[in-house]
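Computed from a predicted structure; not experimentally measured.
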Amino acid sequence: MADPRFYQPRGPFTLAELAALSGTEVTPENVAERPMRDVAPLAKAGPDDISFLDNKLYIQDFEASEAGAVFVHPKHAAKAPKGMALLLCEQPYKAYALAAQAFYPLVAVRAPGISAAATIDGTAVIGAGSQIDAGVVVGAGVTIGTDTRIGPNGVIGDNVAVGDGCAIGAGVSLSHCLIGDRVTMHAGARVGEPGFGFAQDPAGHVKVPQIGRVIIHDDARIGANTTIDRGAGSDTIIGPGCMIDNSVQIGHNVQLGRGCVVVAQVGISGSTRIDDFVVLAGQVGVAGHLEIGKGAIVAAKSGITRGLPGGQTYGGIPAVPVTEWRRQVATLARLARRKRKETE
C-alpha cells in the first residue's frame with residue numbers, strides 16, 4: 001500500500017471511468033459505478049482498491065483477495081472470489097498501469113512557479129504551470145515547456161530546450177541537448193557532457209572537440225545517475241518511448257530507436273545504432289560502431305562485439321543466439337564434470 005507520507009492518490013474513480021482509461025470491460029455490468037479509491041497488490045487490497053492478476057503464480061492470491069476489483073485475463077475470470085468486480089482484458093498489467101497513472105500521475109507539478117532560491121537567466125522562457133525548485137540554475141536562451149518540473153539543484157545549460165510535461169529530477173544536469181515532451185529524468189542524470197573522444201598519441205593524447213548534441217524524443221525515461229554523452233559530430237539520439245534504467249552509460253553518436261529497454265549498468269560504446277524495441281538486460285556491454293536489429297533481446301552480462309540481426313534472443317560473451325549460448329554453457333559444464341572425475 002502506498003505510504004500517505006509520500007503518495008496521495010487522486011480519485012476516487014468509478015470502474016466505468018477506469019475501464020474507459022484502460023480499454024477494458026467491466027463485469028458484471030451493474031457494478032460499473034462502484035468507486036475505487038486506490039490501487040494495491042492482490043494480497044493487501046481491500047474493498048475500495050483495484051488490483052491486477054498478470055502472472056499465474058499469483059492465482060492463489062487472486063482467489064483469496066479482498067480487492068473490490070481486479071484487472072484479469074478472461075481465462076482466469078472463473079477463479080474470482082464472489083462479489084469481486086472484474087475488468088477483463090488481454091494485457092492486465094498494461095491496463096493496471098494506465099489506471100494507476102490516474103491515481104498517481106507520473107508528473108506531479110505541486111507548486112507551479114519559480115523558487116526564490118533558483119537562478120534564472122533573464123533570457124530563459126519558462127512555460128505556464130511549470131515548477132522550478134530551489135537551487136536550480138537555468139542558463140541563457142533556455143526554453144522550458146508547460147507543466148514541467150525541474151527538481152532541486154538541477155542545472156539547465158545555455159540554449160537547452162525542454163518540452164511540455166517533463167519531470168526532471170534533483171541534481172540533473174542538461175547541456176547541449178533538446179528534450180521532447182513527457183520525458184522523465186531521475187536524480188543525478190547527466191545529459192550532454194562531452195563524449196569520450198581523443199586521438200591517441202604517446203606524446204600526449206589529443207582531445208577531439210565534441211560538437212554534436214543529445215536529442216531525447218517524447219515519452220522517454222532516463223534513470224538515476226545515467227549518463228548520455230553528446231555527439232562528436234552527429235547527434236546522440238534517444239528514440240520515443242525508450243526506457244533507460246539507472247546507471248547506464250550511452251556514448252557519443254549512439255542512436256536508439258523507438259521503445260528500446262536498457263537495463264541497469266549497460267554500457268553502449270560510441271556510434272552504435274540500435275533499432276526499435278531492442279532489450280539490453282543488466283550489465284550488457286556493447287562495442288562501438290555496431291548495428292543491432294529491431295526487436296533483438298540480449299541476456300544480462302552479455303558482451304556484444306559484432307552486429308546482431310533483429311528478432312532473436314542472444315547471450316554470452318561474445319553474444320550469440322541463445323540456443324548456441326546454452327549449448328556452450330552445457331558443454332563447459334560437462335567438461336568441468338569430466339575434469340573433476342579425472343582428478344578424483
Side-chain angles (χ1 to χ4, degrees), residues 154-157 160 168-180 183-200 205 207-217 220-292 296-308 314-319:
V155 178
I156 314 299
V160 164
I168 310 299
V172 169
S173 65
L174 304 179
S175 175
H176 301 82
C177 59
L178 307 177
I179 310 300
V183 171
T184 299
M185 294 189 191
H186 293 283
R190 302 284 182 245
V191 176
E193 294 299 313
F196 194 54
F198 54 91
Q200 298 186 55
H205 304 313
K207 294 181 180 179
V208 176
Q210 305 293 289
I211 57 174
R213 307 168 296 178
V214 174
I215 298 176
I216 299 179
H217 289 278
R221 183 262 195 200
I222 312 299
N225 297 321
T226 281
T227 56
I228 303 175
D229 293 344
R230 69 178 184 256
S234 56
D235 297 324
T236 302
I237 299 175
I238 307 300
C242 285
M243 297 287 113
I244 300 174
D245 200 359
N246 302 332
S247 300
V248 169
Q249 161 63 21
I250 297 178
H252 59 194
N253 309 331
V254 167
Q255 295 184 19
L256 298 185
R258 179 184 300 272
C260 293
V261 176
V262 183
V263 185
Q265 298 184 358
V266 165
I268 305 175
S269 298
S271 300
T272 285
R273 295 188 177 189
I274 298 176
D275 208 337
D276 299 345
F277 302 107
V278 168
V279 177
L280 303 178
Q283 296 187 337
V284 166
V286 185
H289 305 276
L290 303 182
E291 293 192 10
I292 300 176
I297 299 174
V298 184
K301 293 182 178 291
S302 298
I304 302 174
T305 59
R306 57 186 175 83
L308 300 177
Y314 300 89
I317 305 174

Identify the two heavy atoms, one from [X] and one from [Y], that lie closest to each other, and give their separation to 0.1 Å.
{"X": "Ile238", "Y": "Ala220", "result": "CG2-CB, 4.4 Å"}
{"X": "Gln210", "Y": "Phe196", "result": "OE1-N, 4.4 Å"}
{"X": "Val191", "Y": "Met185", "result": "CG2-SD, 4.0 Å"}
{"X": "Ala319", "Y": "Tyr314", "result": "CB-CB, 4.2 Å"}
{"X": "Asp275", "Y": "Val278", "result": "O-CG2, 3.3 Å"}

Is there a side-chain contact between [X] and [Y], using heavy atoms and a 4.5 Å cut-off?
{"X": "Pro318", "Y": "Arg306", "result": "no"}
{"X": "Asn225", "Y": "Asn246", "result": "no"}
{"X": "Arg258", "Y": "Phe277", "result": "yes"}
{"X": "Arg221", "Y": "Cys242", "result": "no"}

To the closest 0.5 Å, what do you measure between [atom1] ([X]) and [atom2] ([Y])?
{"X": "Glu291", "Y": "Arg273", "atom1": "CD", "atom2": "CZ", "result": "6.5 Å"}
{"X": "Leu290", "Y": "Leu308", "atom1": "CG", "atom2": "CG", "result": "7.5 Å"}
{"X": "Ser269", "Y": "Ile250", "atom1": "OG", "atom2": "CD1", "result": "11.5 Å"}
{"X": "Arg230", "Y": "Glu193", "atom1": "CZ", "atom2": "CD", "result": "7.0 Å"}
{"X": "Leu174", "Y": "Ile222", "atom1": "CG", "atom2": "CD1", "result": "10.0 Å"}

Between [X] and [Y] (side chain of the first, backbone of the second, donor and acceptor by atom type, cut-off under 3.5 Å), is there such a pair?
{"X": "Ser302", "Y": "Gly316", "result": "yes"}
{"X": "Thr272", "Y": "His289", "result": "yes"}
{"X": "Asn253", "Y": "Gly270", "result": "no"}
{"X": "Arg213", "Y": "Leu178", "result": "no"}

request  = Give me the one residue out of Arg190, Gln249, His176 that meets side chain to side chain donor-acceptor pair (under 3.5 Å) with Asp229.
outcome  =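 Exactly one option meets the side chain to side chain donor-acceptor pair (under 3.5 Å) with Asp229, and it is Gln249.
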ask   = With Leu280, which of Val263, Ile244, Leu256, Ile268 fulfils side-chain contact (heavy atoms from CB on, under 4.5 Å)?
value = Ile268
task = Check the pair Ile228, Ile216 against side-chain contact (heavy atoms from CB on, under 4.5 Å), reporting the backbone distance first and the verdict last.
result = CA-CA 10 Å; Ile228 303 175; Ile216 299 179; 4.3 Å; yes
inquiry  = We want to know whether Gln265 and Asp245 form a side-chain donor-acceptor pair, criterion being a heavy-atom distance below 3.5 angstrom.
reply    = no
ask   = In chain order, what residues pass the side chain to side chain contact (heavy atoms under 4.5 Å, CB included) check against His217, with sequence neighbours excluded?
value =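 For His217 the side chain to side chain contact (heavy atoms under 4.5 Å, CB included) partners, ignoring immediate neighbours, are Ile215, Ile237, Pro240.
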